[in-house]
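Following: one structure in C-alpha cells, then a few remarks.
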There are 2 protein chains.
Amino acid sequence: MNSDFTIAVHSLVYLANLPEHMASSEAIAHNVTTNPARIRKVMSTLRKKGMVKTKEGMRGGYLLSCDPKNITLADVYHTVSYGTLQPNWCTGDPDDTCPISSNTQVVMDHIFNKAEDCYELYLSQFTVASVLDKIKTYS
Amino acid sequence: MNSDFTIAVHSLVYLANLPEHMASSEAIAHNVTTNPARIRKVMSTLRKKGMVKTKEGMRGGYLLSCDPKNITLADVYHTVSYGTLQPNWCTGDPDDTCPISSNTQVVMDHIFNKAEDCYELYLSQFTVASVLDKIKTYS
DNA sequence: TTGAACTGTATAAAATAAAATTACAGTATG
DNA sequence: CATACTGTAATTTTATTTTATACAGTTCAA
C-alpha cells in the first residue's frame, strides 16, 4: 500500500489552510516531508478530477478549485488509490482442477471490490474541511 | 499490504472442504501456491486464537477447531492482519511549528483506526462456510 | 527405541514495490 | 529573454514481501 492517499489529503488540507488556497509543489513537499516531484504527480491526478487547478510558469502552483467542505476523503481516495485494498499477490492456481485452488482468488476479488465501496462510504463522512478542523483542535 | 489475510482465508476454506477438516502445511501450501513455512506461520497465529488445532509429529497437521459457519472473515482479518489498512509511511514532521505538518499524521491515524472497525464490520458478513459456497458456485 | 513425518521458528536470500532523486522539456511571468 | 514554475519519465535507493533453507522439538508406528 503506497501513501498517495495520505499525501493527497495532507496537500489539500495544506492548501485549504492558506488564505489564497494556493502553493507550489516545493512548499507543499516541505510541509508533507517528501519531494516536489512526488507532490506534482499526486496533484496532477487530482487536477484531472477537477479538485485543483494548476498554474504553470513563474508564480505558478496548485490552487484548490472547490470549497474544502465539498471534497470528501472518499473522492480523494477514489482518485488516487482506488483498488489498493487488495494485495497484488494471487492465491492458488487458476488452472488447478481443484476448485478451491482455482476459484478462491476470484471470490476474494469480489470481496475486496465490495470492500472498496464500503471503505469509500466510510471515508465520505470526512471532508478536507473537517480534517482541517480536527488538526486545529490538536494545536 | 501483505497477503496473510488471503492466505489464511484460503487455508481455512481448504480445510473446511476436506471431510476430516485436516491437512498438513505441505498440502495446504500446494493448494495455495506458496511454501509450507509460510503456511505454518499463518496457521500458527490462527491457532493462538483458537481457530485451528495443530497436531505435531507424524500424521500431524492442522485441524479446524470450529464450525466454518462460525468463523467470519472479520475474525480472520483481525487475527492475522489488523492494522494493515494504514500505510507505514508518515506524513509531515511532528516537530514542525506548523500544525498542518505536525498534526495531520495524528488525525489520519484516527481515521485509519476507525476504518479498521468499519472494514471488520463489512468482513463479518462473510464466513469460511459462505466463501466455500461461493467458490463452489463457480465450479 | 528408533526413524520417518510432521510443526515451530529463525535467518538469509531473492523478488517486488515504494520512495527519493535527477533530469529536462514545456509554460507563464516580469 | 531569464527565471520560476509544472509535467513526466527514467534511474537509483530503500523498504517490504515472498521464498528458501535449516534445524530443534514432537508424535507415531514399526
Side-chain angles (χ1 to χ4, degrees), chain A residues 1-8 10-11 15 18 20 22-49 51-65 80-81 83-93 105, chain B residues 1-8 10-11 15 18 20 22-49 51-65 80-81 83-93 105:
Chain A
M1 175 112 54
N2 75 25
S3 311
D4 287 352
F5 172 58
T6 301
I7 286 178
H10 188 148
S11 301
L15 290 180
L18 294 173
E20 304 299 326
M22 168 112 193
S24 69
S25 63
E26 200 184 328
I28 299 169
H30 180 263
N31 199 267
V32 169
T33 318
T34 184
N35 57 79
R38 189 172 188 194
I39 295 293
R40 293 202 285 269
K41 190 158 158 263
V42 170
M43 296 309 269
S44 197
T45 78
L46 293 178
R47 171 179 51 84
K48 285 165 192 162
K49 287 291 172 70
M51 291 178 182
V52 297
K53 285 178 181 150
T54 71
K55 269 187 74 179
E56 294 190 7
M58 203 175 173
R59 292 179 165 262
Y62 300 91
L63 175 71
L64 267 189
S65 58
V80 302
S81 291
T84 57
L85 230 46
Q86 177 157 18
N88 305 324
W89 191 87
C90 290
T91 192
D93 171 9
Q105 184 60 52
Chain B
M1 176 111 56
N2 75 24
S3 309
D4 287 352
F5 172 58
T6 300
I7 286 178
H10 188 149
S11 301
L15 290 180
L18 293 174
E20 304 300 326
M22 170 110 191
S24 69
S25 63
E26 200 185 328
I28 299 169
H30 181 262
N31 198 266
V32 168
T33 319
T34 185
N35 56 78
R38 188 171 188 192
I39 295 294
R40 292 202 286 269
K41 190 157 159 263
V42 170
M43 296 309 270
S44 196
T45 78
L46 293 178
R47 169 178 52 83
K48 285 165 193 162
K49 287 292 170 72
M51 292 179 183
V52 296
K53 284 178 182 150
T54 71
K55 270 187 73 178
E56 293 189 10
M58 202 174 176
R59 290 179 168 264
Y62 300 91
L63 174 71
L64 268 189
S65 58
V80 301
S81 291
T84 57
L85 230 46
Q86 177 156 17
N88 304 326
W89 191 87
C90 289
T91 193
D93 170 10
Q105 185 60 52

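What's counted below: heavy atoms across the whole structure, side chains too, no hydrogens, waters or symmetry copies. Chain letters run A, B, ... following the sequence lines, proteins first and then strands; every chain starts at 1.
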> Roughly, in whole Å, what's the span from CD in A:E56 to C1' in C:dT29?
Replying inline: 13 Å

>> In this structure, how many angstroms lie between the P atom of C:dT22 and the CG atom of A:N35, rounded?
In response: 10 Å

> Stepwise, does the side-chain contact (heavy atoms from CB on, under 4.5 Å) test hold for B:L85 with A:L85?
Replying inline: CA-CA 8 Å; B:L85 230 46; A:L85 230 46; 3.8 Å; yes

>> Does A:S25 form a side-chain contact (heavy atoms from CB on, under 4.5 Å) with A:M43? I'd like the steps, not just the answer.
In response: CA-CA 9 Å; A:S25 63; A:M43 296 309 269; over 6 Å; no

>> With nearest nucleotide decided by heavy atoms, which residue, B:M1 or B:M43, maps closer to the 5′ end of DNA chain C?
In response: B:M43

> Rounded to the nearest Å, what distance is computed from the CG atom of residue A:N2 to the P atom of nucleotide C:dT16?
Replying inline: 18 Å

> What's the NZ-P distance between B:K55 and C:dT7, to the nearest Å?
Replying inline: 11 Å

> 5' to 3' on DNA chain D, which nucleotides open and close the contacts with chain B (atom under 4.0 Å from a heavy atom)?
Replying inline: D:dT16 to D:dC28

>> I need the minimum non-hydrogen distance between A:G60 and A:M22, along with the two atoms involved.
In response: C-CE, 3.6 Å

> Would you say B:R40 reaches C:dG8's phosphate, i.e. side-chain N/O to OP1/OP2 under 4.0 Å?
Replying inline: no

>> I need the CE-P distance between B:M22 and C:dC6, as an integer number of Å.
In response: 9 Å

>> I want to check something: taking the side chain as every heavy atom from C-beta on, are A:I39 and A:S11 in contact at a cut-off of under 4.5 Å?
In response: yes

> So does B:S25 get a side-chain nitrogen or oxygen closer than 4.0 Å to the phosphate oxygens (OP1/OP2) of C:dC6?
Replying inline: no

> Can you list the steps and then say if B:I28 with B:H10 is a side-chain contact (heavy atoms from CB on, under 4.5 Å)?
Replying inline: CA-CA 9 Å; B:I28 299 169; B:H10 188 149; over 6 Å; no

> Between C:dG3 atom C1' and B:R59 atom CZ, what is the distance in whole Å?
Replying inline: 15 Å

> Which atom names give the shortest non-hydrogen contact between A:W89 and A:Q105, and what distance separates them?
Replying inline: O-OE1, 4.1 Å

> A:F5 CZ to C:dA18 C1': how many Å, rounded?
Replying inline: 18 Å

> Could you give the distance from OG1 (A:T33) to CG (B:D93), rounded to the nearest 0.5 Å?
Replying inline: 5.5 Å

>> Between P on C:dT7 and CE on B:M58, what's the gap in Å once rounded to a whole number?
In response: 13 Å

>> So, does B:T54 get its side chain near the phosphate of C:dC6, meaning an N or O under 4.0 Å from OP1 or OP2?
In response: no

>> Testing the basics here: between A:N35 and A:A29, what is the closest heavy-atom pair and its distance to 0.1 Å?
In response: C-CB, 3.6 Å

>> What residues from residues 84-91 of chain A pass a heavy-atom cutoff of under 4.0 Å to DNA chain D?
In response: A:W89

>> On DNA chain C, compare the nucleotides closest to A:A37 and B:G57; which residue's is nearer the 5' end?
In response: B:G57

>> Quick one: does any side-chain atom of B:T54 pair with a main-chain N or O of B:Y62 as donor and acceptor, under 3.5 Å?
In response: no

